[in-house]
Each structure stands twice: as C-alpha cells, then as structure tokens.
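Computed from a prediction, not measured in an experiment: that's the story for all the values here.
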Amino acid sequence: MAHNGLAQTIRPAHTMFDGDTVFAVALGSREQARPDPAIAMHRLSMIGATAASTLARAIVKAVRQARSLHGIPAAQDSMNHKNQG
C-alpha cells in the first residue's frame, strides 16, 4: 500500500519500465492473539494509508532538497529561477 505514495507524487507512476519498488519491514516485539478479521483489516488499511502518506511526504522532501548534479537541474533550480525572474 505504501506504493500508492509514489502515485500521489510522481507522474507518470507505475509504468512498465520505471523500476519503482518499495521495501518495508516490520518486526513485532511479542506474540499477540489474532484480532477479529474486521479489526485486522481496518488496522492494516490504516497502516497502509499512513505508509502511502509518509512515502509521498518523503518524496516531496527529497525533491525539494535535491541539488543539481553533472548538469542535470534539480527542482530547486527551477524554483530559484522563477523567484529571480
């Protein structure tokens, strides 16, 4: 579900050749009784939505903080050019 954060911030996303992949790991600290399936699905949906939102915010932050490299302009350069013009 975190993968949806890509689609929230990158256009186009999920194309056949872009290689977008998200890895996540969670380790429970102890054994727990299995909750009711409806509660488990709700919890999983909430975690997935939070993961997507977190990934989307991380992408926006990364784009804003990126610097130009080897002649390839960064978004920040475009924003600075507009502010100076």
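Qualifying side chain to side chain donor-acceptor pair (under 3.5 Å) partners for R11, counting only residues two or more places apart in sequence or in other chains: none.
Listed by first and then second residue, the side-chain hydrogen bond (donor to acceptor under 3.5 Å, both in side chains) pairs involving residues 49-62 are S53-R57 (not counting sequence neighbours). Sorted by first then second residue, the ring pair (Phe, Tyr, Trp, His ring centres under 6.0 Å) pairs that include residues 16-69, not counting sequence neighbours, number zero.
The shortest non-hydrogen separation linking A66 to A74 is O-CB, 3.5 Å. Closest heavy-atom contact between Q8 and A56: OE1-CB, 3.4 Å.
Here V25 is tied into one hydrophobic group with L27, each link being a pair of ILVMFWY side chains closer than 4.5 Å. Through side-chain heavy atoms spaced under 4.5 Å, either directly or across other Ile, Leu, Val, Met, Phe, Trp or Tyr residues, I59 is tied to L6, I10, V22, L55, V63.
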Contacts under 3.5 angstrom, residues 34-41 side chains, donor-acceptor by atom type, not counting sequence neighbours:
{"unit_1": "D36", "atom_1": "OD2", "unit_2": "A38", "atom_2": "N", "d": "2.9"}

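Expressed to the nearest 0.5 Å, how far CD of Q65 lies from CZ of R67 amounts to 6.0 Å. In this structure, the separation between CG on D20 and NE2 on H3 is 3.5 Å, given to the nearest 0.5 Å.
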Under the criterion side chain to side chain donor-acceptor pair (under 3.5 Å), I'd like the reasoning laid out for Q76 against R64: C-alpha separation, chi angles, the key distance, then a yes or no. CA-CA 6 Å; Q76 193 173 76; R64 288 181 177 164; over 6 Å; no
